[in-house]
Structures are given as structure tokens and as C-alpha cells.
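Note: hydrogens, waters and symmetry copies are ignored here, and every other heavy atom, side chains too, is used. What you see is a predicted model; the values in this text were computed from it and never measured. Reminder, nothing fancy here: chain letters follow the sequence lines and each chain counts from 1.
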Amino acid sequence: MSRYNARVTEPKWQKAWDDAQVFKAERDDSLEKYYVLEMFPYPSGRIHIGHVRNYTMGDVVARFKTARGYNVLHPMGWDAFGMPAENAAMEHNTHPGTWTRQNIAAMKEQMKPLGFSLDWSREFATCDPEYYGKQQAMFIDMLEVGLIYRKNAVVNWDPVDMTVLANEQVIDGKGWRSNAPVERKELTQWFFKISDYSDELLEALDHLPNWPEKVRTMQKNWIGKSQGLQFSFDLNGAPDGFDALEVYTTRPDTIFGASFAAISADHPLAKALESDPKVATFNADCRRMGTSAEAMEKAEKIGLDTGMTITHPFDPDLKMPVYIANFVLMDYGTGAIFGCPAHDQRDLDFAHKYGLEVKTVVSATGPDYEVGTEAFVDAGSIINSDFLNGLSIDEAKVEVISRIEAVGSGKGVTKFRLRDWGISRQRYWGCPIPVVHCDTCGIVPEKKENLPVKLPEDVTFDRPGNPLDRHETWRNVDCPKCGAAAKRETDTMDTFVDSSWYYARFTSPHAESPTDLAEAEYWLNVDQYIGGIEHAILHLLYSRFFARAMQKTGHLPKSAIEPFNALFTQGMVTHEFYASEVNNRTVYHHPSEVIRTSHGATLRSTGEEITVGPIIKMSKSKKNVVDPEDIIDQYGADTARWFVMSDSPPERDVEWTSAGAEAAWKHIQRIWRMADEISQSASDGVTTPDEALALLKATHRAIDDVTKGIEGFAFNKAIAKLYEFTNTLQKSKAGKADKQAAMLVMAQLMQPMTPHIAEEVWALMGGKGMVTTAPWPTLDPAMLIDDTITMPIQINGKRRSEIKVAKDLPKSEVEKLALADEAVIRALAGNAPKKLIVVPGRIINVVI
RNA sequence: GCGAGCGUGGUGGAAUAGGUAGACACGCCAGACUUAAAAUCUGUUGGCCGUAUGGCCGUGGGGGUUCAAGUCCCCCCGCUCGCACCA
């Protein structure tokens with residue numbers, strides 16, 4: 001008996017697939033297409049097991065859809081711009097491009113042995129001038145239609161990376177990469193007008209049923225639509241030019257509960273008062289407070305009474321103080337609010353601190369209700385509010401808005417939390433923004449025939465900041481319009497721009513224009529997108545915006561309005577970690593240095609007891625990383641693929657264990673042994689028609705189960721069913737030909753998960769051609785139906801017995817058989833049952 | 001604080017539409033083969049009582065609906081993730 005040798009077999013089949021170009025996708029209007037895409041990797045240098053899981057999922061889908069007759073597009077590329085390349089350049093005195101291209105080559109070498117059904121002819125990296133040049137062309141088009149603009153803005157400045165960050169890239173007040181506290185700085189920046197699409201991006205979420213609810217909710221919250229009233233109070237005692245204070249509220253119904261107004265320290269009015277040193281100091285303090293979550297949570301609500309007052313719009317005698325307050329944000333609404341302490345917790349805290357009136361105006365329990373230490377924010381009816389008394393919150397909102405609109409001091413408005421997307425980055429390793437600054441013509445887009453505006457190669461990273469700024473020959477150019485001396489824009493684009501349209505470029509990766517509309521029309525949208533949940537907002541929202549922006553500029557057909565029809569977010573691969581204390585410092589150990597015992601772990605080299613840490617995401621710092629290359633060397637790609645797909649549901653985290661990997665490997669070996677035994681067995685073995693039929697039925701049940709499992713993204717269940725089928729086949733006493741037929745189906749069903757062993761088994765069993773190109777086995781539904789079924793009998797809801805009955809035995813006959821059952825007779829003890837329930841084909845319940 | 005999700009044996013996890021809880025796998029235990037080990041194969045494996053036929057308990061906890069609840073309803077507890085001074 002021969003042993004299965006993955007090291008020989010796997011490269012053999014990979015070469016066979018390559019030679020036959022079976023994964024090359026070509027447009028064919030007579031065929032239905034299927035576009036499956038995994039989030040493309042950043043070329044960090046090595047692939048990790050999380051990549052393996054991600055791409056295996058995509059590969060299973062791609063291979064399955066191919067077998068089902070679809071024309072499948074399954075491409076791969078590289079998200080190749082970004083900070084780490086510059087950091088590496090500084091550290092190792094190399095060029096970001098060199099570093100990146102080496103990494104791409106290395107990672108591709110690691111990916112190839114996994115046997116993914118990728119069309120490598122479509123591969124590109126976002127740092128290819130061919131790609132980013134097309135991006136620059138679209139930038140110019142979008143600039144022309146007003147989707148891009150420049151403005152002076154207070155930006156999130158990362159002092160370590162020395163660049164601007166989008167709001168989305170600030171996490172807990174820190175840079176998402178550097179983890180350094182973000183500073184506020186005023187700069188002129190390029191923006192995409194994503195806010196033009198706030199409403200549409202929100203509404204369209206409802207038409208993405210195959211996106212996870214969670215991701216849709218996150219995007220909804222991020223876009224943050226709110227409806228309210230924007231209106232002006234008359235201001236008393238304000239500096240010249242400020243006779244009104246405009247505020248925004250979502251609770252106009254609580255207008256009679258107002259007792260103060262508060263403005264942001266960045267509000268023009270607050271700035272106008274800064275001649276007063278007290279105000280100047282206070283404002284400066286507010287600005288310094290920072291934006292970190294911890295800082296905000298701890299920060300007390302503080303304010304400074306300006307001495308000014310506002311007049312209540314419905315009660316001219318009521319004057320209320322105006323504060324500058326640290327909890328009011330300048331960039332939401334108007335940067336000013338009216339405070340209604342009874343019905344907003346922040347306002348209540350503030351009012352308590354400064355002794356302001358708390359007037360309850362909404363009550364769920366009658367007109368005498370008074371708010372205590374907690375603001376009342378639930379439904380109720382209006383009290384203490386003149387003409388609003390007795391109305392519901394919603395009725396009162398409508399009433400107040402219409403009265404304010406009638407006097408012309410404000411109007412009902414919709415606001416969004418979503419801000420425009422700032423894309424300027426003061427970095428070298430990104431897509432250059434293709435414009436020129438000319439003293440006479442202003443901002444001039446580069447001529448399209450001059451694209452791409454290539455990054456210069458001769459740059460150094462010995463100083464912080466952007467090397468493009470100091471690159472004289474690159475920077476100094478002639479104005480494309482008037483020809484006078486001018487300067488190139490040195491900002492590059494946020495790398496999220498690169499990843500916002502790569503999916504579209506894959507449909508025509510070498511086209512002269514950014515996209516080929518006919519190709520895009522055929523291949524788009526992506527039918528199945530697979531990636532990590534960490535991109536739930538940024539990447540996925542930007543891509544959705546970009547699809548609309550590209551359509552507006554004629555780069556996408558109308559049908560491709562949403563990039564991704566279905567989204568699947570896969571869980572992480574985790575691993576326990578191992579640690580020990582050396583001189584009061586924690587030292588981590590790689591799994592390969594550790595021997596795992598039943599209760600703990602010891603160090604392989606010294607036998608020293610070490611601590612087993614909890615199961616966490618694999619990370620270099622904790623050394624709990626399993627390198628896919630090691631796994632492939634040891635067991636082969638099929639084992640790695642089979643393991644990452646088994647046991648855990650794909651959306652959940654999966655824990656890598658060596659025992660699990662071993663089990664996967666054993667199964668591959670077992671399949672090979674079985675195939676080998678079948679092929680060498682005597683063809684005239686003993687069999688009966690019953691045995692043959694039973695195996696055939698098991699085969700069709702496996703076809704049904706595995707098909708449903710893959711279609712429903714329940715790969716773990718598909719694999720469990722394949723184990724079951726394997727057990728059945730092994731025990732079967734059917735003849736050689738029957739077993740061969742079953743084993744051929746086994747190869748077909750395993751092919752999406754473990755294509756190499758599947759090819760080998762297919763060939764050994766005499767399958768025609770390659771199993772990779774064979775159609776999916778056809779299900780005969782008749783084979784799923786059994787003539788006799790086993791029905792459990794419950795007595796008072798507890799399973800006590802079972803009977804075998806013909807599938808379509810009438811209910812009355814089933815009842816008779818049930819009552820004749822030994823256990824039932826014993827339980828009844830001669831009495832008649834209170835009730836007898838027969839659910840045809842399912843269960844019998846005898847109630848005593 | 002708001003939003004979403006989750007909680008099932010020693011472990012990962014199954015369980016269409018309320019109908020046999022624990023599929024499948026790991027681990028453990030026992031047996032076969034072997035001089036021995038590895039590999040492989042076979043069997044057992046939720047807990048408790050019992051020699052056994054069998055019985056009782058059991059899906060985070062408590063209550064409810066139902067002939068029947070992991071699944072539906074109400075209350076509570078715990079964990080994970082996301083958002084968070086957004087007026």
C-alpha cells in the first residue's frame with residue numbers, strides 16, 4: 001500500500017492546472033458569470049494563516065461555482081502603497097518600492113503552493129504606475145465634476161507618522177498605525193465629497209440583504225442620519241456682528257425646557273471673545289483636552305459663562321445664559337446647542353454643576369413628574385410647555401418646527417455624522433495627486449497624456465517628513481495650462497483610495513482606460529466578497545462611494561452601482577500563547593519550542609514549566625504565530641486548507657491546534673488509503689443489491705449536504721458531512737464498481753476544499769480529465785427518500801421508544817403501531833392515553 | 001451609555017419550520033495487530049443512581065406558553081465585538 005505524499009502530488013497538480021490554464025477567466029456572454037473576491041493583501045512580507053483561511057474560503061466558493069457551470073472570475077493582487085514600506089525604507093536603508101516588490105514576490109511564492117484557483121494573469125499591485133496612473137485619471141475626472149475639492153481644515157495630525165489621518169483612522173484618539181496621540185492642526189487638504197452621497201449610501205444599505213446585519217448597522221451608525229431643527233436665538237450682549245446664535249437640535253419638542261445655550265470653544269463667537277484672557281485660556285484648555293475616548297470619558301463637563309444671553313423664541317421675557325462648553329463639538333451641527341437639562345444627560349450634568357434650572361417638559365406619568373438625577377429620554381407627552389402641552393414628542397416636534405419656520409428664524413433639517421473624506425497624505429509611498437500649483441492659473445490638473453505622474457525613484461528617507469517636498473526636479477514643473485514655472489502637489493492619496501476600486505480594475509486589468517465598460521458590465525458586481533470585519537466601515541464605505549463616483553464620471557456602468565452583492569466577514573485564526581518569567585520580564589515562546597502536556601506546557605529545550613496563556617489572535621509580539629509555510633512543508637496544502645475550514649463556523653474565530661492539523665492530515669491519508677484499497681480490491685467481491693443501494697443513497701445524501709453546506713457558507717458542516725460519508729463508505733460492503741463510483745463523487749465533493757488529493761483520487765478511480773474541471777455531481781432527489789422511516793415515540797414528551805414504519809403509512813395505522821409498542825403498553829398500564837399526537841414522518845407523543 | 005452578537009459534554013462545534021439534544025471532529029479510556037512503539041483498525045465516552053431491564057437530571061440562571069422548548073415570550077447573569085460628549 002502506498003502512502004500519500006503531498007510534497008510530490010501537490011506541485012504536480014498545480015503544474016497541470018497552470019499548463020491547462022484552467023483558472024484563466026475570459027468574458028463569455030453566453031455563460032453566466034460569478035465573481036468571487038477576497039480582500040487583497042498588504043505585502044507585508046509573509047502570508048499568515050489568516051490569509052490562508054480567507055483565500056481558502058474564496059477558493060472553495062470559486063471552485064464550487066466553476067463546477068456548477070459558472071464562468072468564474074477569481075483574481076488576486078496587492079494593496080501595495082502605505083506607511084510600512086517607508087518605515088522599512090528608513091530602517092533598512094532601502095527603497096519602499098524595492099521592499100514592496102520583494103515582499104510581493106515572496107508572498108506569491110508562499111501562496112502558489114496552496115493551490116488556489118486564481119487567475120494570476122490579472123494580477124497587479126496598486127503601486128504599479130499602470131494602476132495608479134488610471135487612478136490619477138479618475139481623480140482629474142472627479143475633480144472636474146465637483147466630487148473633489150480643497151479646503152482648509154482642522155485635521156487629525158499624527159505626529160509620529162507625520163501625516164494627516166481621516167476621522168476613521170483615529171482610534172481612541174490615537175493614530176491607527178502609529179498609536180500616537182493625534183494632534184489637531186490646520187492644513188489645506190484634498191477632500192472627496194462623500195457627503196453628497198450620505199443619504200444614498202444609507203438608503204442603499206437596505207438593498208444589500210447578503211451583507212451581514214452587523215456591518216450594515218455599523219455603516220448606518222457611521223453615516224449617522226438625524227432629523228432636527230436648525231434655528232436662531234436672538235443674542236443679547238454679544239460682540240458686533242453676532243446678533244443671533246444658530247443652534248441645531250433633534251429635540252425641538254423640549255424647547256420649553258431650555259435653560260441655557262452652549263457653544264464650542266472653536267465657535268466663531270467663542271473666538272471673538274478671546275480678547276478676554278479668561279476666555280482665551282478656557283478655549284485653549286478645551287482644545288488641548290484631546291479627542292481620546294479615555295480623556296473624554298473622564299473629562300468633566302466644564303463651561304464658562306460668557307455673560308451673554310439668548311431670548312427664548314416663544315417667550316420674549318425669558319433670557320438664558322450662554323456658556324462656552326467643552327462638550328460641544330464644532331464640526332457637528334452648528335457648533336452651538338441649547339441645553340435642556342431635564343431630557344439630556346449631558347445637559348443635566350452641566351446644569352447641576354452650574355446651578356441652572358431643570359425644567360421637566362416630557363412625562364410618561366402625568367403633569368406632576370419631575371426629573372431627578374437622571375435625564376428622562378423616553379417617550380411621553382409634553383408638559384409645562386404652553387401650546388405644546390398634551391402633545392406627543394413627535395407631534396410637538398412638528399408643531400415647533402412649523403412655528404419656527406413660520407417666523408423665519410429656522411427650518412427643519414437633516415444632518416449626517418459622515419464627514420467628507422480627507423485624502424491628502426504627506427507621504428512618499430502613495431499615489432501622487434496629479435495637480436500642479438501655478439501662481440497665475442491656480443490649481444491645474446495634469447494633462448491626461450502626461451499620466452501617470454510617476455513617483456521619483458531617487459529619494460531618501462534620512463529625514464522625517466515627505467521626501468517629495470524636497471525633491472526639486474520632480475517638484476518644479478511647468479504649468480500644464482500657461483507653461484510658466486509651477487510646483488507639483490506633493491501630497492499623495494490615502495491608500496484607501498487605491499483599495500476603493502481595485503475590484504473594478506480586475507475586470508480589465510490592462511485596459512488603457514481605468515475600466516473597460518463592456519468587461520465591467522459583464523463581470524460586476526462582485527458576487528461574493530470575503531474579508532475581515534475590521535474593514536466593516538472604512539474600506540467598504542469608501543468602495544461604495546467610489547462605485548457611485550466612478551459611475552458619475554463614466555467609469556462604471558449603471559448596473560455596477562454597488563461593488564459587492566454579498567459580503568462575508570470571516571473570523572480570525574487564534575492560538576494560545578506560551579510565556580515564562582525571566583528576570584521579572586515576560587518571555588514568549590513559539591509553539592515549536594513548546595511541548596504541550598495534558599495540564600500545561602514545558603520548554604522543549606530545557607524541560608522548564610511554562611505558562612499557557614489564553615487563546616488570542618496570532619501576533620508576532622506574543623510569538624503565537626503558526627507559519628503556513630511550515631504547515632505546508634509538514635503536511636501539505638490540502639491539510640492546511642481542510643483544517644482551516646473544519647470545525648469552526650467561518651464567521652467565528654478558529655483556534656489553531658497541532659492536534660487539529662494532525663487530524664486533518666490523518667483524514668487526507670485515510671482518503672488516500674481507501675482509494676488505494678478500492679482500486680486494488682478484487683472486482684468480483686461479494687455484494688448485495690441492498691448494499692449497493694445503501695451506498696448510492698449515502699452518496700446522494702452527501703451530494704445534497706455538501707452542496708447546501710458550501711452554498712450556505714457552512715463549510716464546517718460540509719466537512720462534517722464528508723467525514724460521515726467517509727465513515728459510511730469505509731464500512732460499506734458494496735462491490736468494487738459501486739465503491740469506485742462513490743469515491744469519484746467523494747473526489748468531486750472534496751475538490752473545492754482539498755483539490756490536490758481530489759485530483760489524485762479522481763485519477764486513481766478512473767475519472768475523466770481533471771476533477772477541477774469536472775461538473776458538480778448531479779443530485780437525484782429520489783435517492784434522498786427512504787421507504788421506511790424510524791419514528792421516535794415519546795411518552796409525556798420524553799423519548800422512550802421508536803418504531804420503524806413505511807414512509808407513507810396512514811396516521812391511523814401509525815397510531816395503532818405506537819399503541820402496540822412495548823414501552824407504551826407498559827407506561828399505559830391498561831389505561832387509555834389522554835392524548836395521542838402523531839406528526840407524520842417526524843414523531844409520536846403519547847400523553848398519559 | 002447606545003447598538004449587535006454569543007452562552008450546548010473534558011474541547012471545537014451539530015441540531016430546516018418548536019418534534020430523538022450532543023451529528024462530525026479532537027481528547028480520554030478499553031481492545032485488536034506488534035517483541036515493543038508508531039501507524040492503523042474496533043469499541044466506549046453528558047452527569048447521577050442501578051448488576052441489568054430501567055430511572056432521574058441536563059443546552060448560563062429564573063419564570064411562562066405548548067402534547068412537545070437549545071429553538072418562542074418575559075425577567076436576570078456573564079462574555080465578545082462595534083460606536084460613543086453627534087445635541
Side-chain angles (χ1 to χ4, degrees), chain A residues 1 3 172 212-218 220-222 224-226 228-229 247-251 254 262 264 289 291 293 295-297 299 301 325-329 331-340 343-347 349-350 377 415-419 533-534 536-537 571 598 615 643 646-649 651-655 657-664 666-667 669-670 673 705 708 712 714 716-727 730-731 790-802 823 826 833-839 841-848:
Chain A
M1 185 169 50
R3 192 179 169 88
D172 289 347
E213 181 69 40
K214 185 186 169 114
V215 174
R216 282 187 288 162
T217 307
M218 282 164 75
K220 267 181 200 170
N221 292 341
W222 193 264
K225 184 177 183 172
S226 76
L229 171 66
V247 299
Y248 172 71
T249 179
T250 56
R251 293 296 302 273
T254 63
S264 162
M289 201 90 74
T291 48
M296 282 202 242
E297 207 149 330
K301 301 197 174 11
N326 67 338
F327 66 93
V328 180
L329 304 173
D331 56 358
Y332 186 77
T334 62
I337 60 156
F338 77 76
C340 175
H343 307 288
D344 184 294
Q345 193 60 45
R346 289 158 303 172
D347 296 352
D349 295 345
F350 193 79
V377 294
K415 294 260 182 221
F416 295 92
R417 217 186 73 117
L418 182 68
R419 317 291 151 80
I533 185 76
E534 67 272 19
I537 299 175
S598 50
I615 298 155
F643 175 76
S646 42
D647 288 344
S648 283
E651 68 276 12
R652 240 184 272 180
D653 291 352
V654 63
E655 192 204 351
T657 60
S658 49
E662 200 124 321
K666 280 182 188 172
H667 184 253
Q669 294 292 335
R670 186 179 170 208
R673 258 196 328 274
D705 289 337
K708 283 180 179 152
N716 55 324
K717 285 192 245 170
I719 283 181
K721 296 299 182 183
L722 281 167
Y723 273 117
E724 222 169 309
F725 184 38
T726 308
N727 293 340
Q730 185 154 44
K731 287 190 181 116
T790 306
M791 287 183 81
I793 300 177
Q794 293 181 330
I795 294 168
N796 285 342
K798 280 179 185 144
R799 187 187 170 280
R800 282 295 123 97
S801 184
E802 60 182 35
R826 202 176 336 123
K834 264 195 209 146
K835 214 170 185 181
L836 184 59
I837 288 149
V838 174
V839 184
R842 292 228 115 152
I843 203 161
I844 300 153
N845 195 4
V846 186
V847 186
I848 295 172

Separation of [X] atom [atom1] from [N] atom [atom2], in whole Å?
X	N	atom1	atom2	answer
A/Q345	B/C86	CD	C1'	17 Å
A/E724	B/A25	CD	P	8 Å
A/I837	B/C67	CD1	C1'	3 Å
A/Y332	B/C83	OH	C1'	14 Å
A/N796	B/U66	CG	P	15 Å
A/K214	B/C83	NZ	P	10 Å

Taking only the [atom1] atom of each, what is the distance from [N] to [M] in whole angstrom?
N	M	atom1	value
B/A69	B/C79	C1'	24 Å
B/U65	B/G27	C1'	40 Å
B/A32	B/A38	P	15 Å
B/U20	B/U11	C1'	25 Å
B/C49	B/G62	C1'	27 Å
B/G54	B/U66	C1'	28 Å
B/A39	B/C33	C1'	11 Å
B/G55	B/G3	P	48 Å

Worksheet entry | Nearest-nucleotide comparison on RNA chain B, the residue closer to the 5′ end among A/I843 and A/D344 | A/I843
Quick one: is [N] close enough that its OP1 or OP2 comes under 4.0 Å of any side-chain N or O from [X]?
X	N	value
A/R800	B/G55	yes
A/K798	B/C57	yes
A/R417	B/A84	yes
A/K835	B/A68	no
A/N716	B/G12	no

Item to complete: Start with the C-alpha gap between A/S226 and A/Y248, add the side-chain angles, then the distance that decides, and say whether side chain to side chain donor-acceptor pair (under 3.5 Å) holds.
Response: CA-CA 11 Å; A/S226 76; A/Y248 172 71; 2.8 Å; yes
Watson-Crick or G-U wobble partner of [N], both distances under 3.5 Å:
N	result
B/A23	none
B/C41	B/G31
B/C2	B/G82

Looking for any heavy atom pair under 4.0 Å, which part of the strands does [X] touch: base, sugar-phosphate only, or nothing?
X	answer
A/Y723	sugar-phosphate
A/T250	sugar-phosphate
A/Q794	base
A/V839	base

Worksheet item: Hey, does A/Q730 have a side-chain heavy atom less than 4.5 Å from the side chain of A/R670?
Response: yes
Discussion item. Quick check against the 3.5 Å criterion: does A/D653 have a side-chain atom that pairs as donor or acceptor with the backbone of A/G571?
Written reply: no
Item to complete: Check the chi torsion on B/G10 and let me know: syn if it falls within 90° of 0, anti if not.
Response: anti
Fill in: Base B/C86 paired with A/K415 side chain (donor-acceptor, <3.5 Å)
no
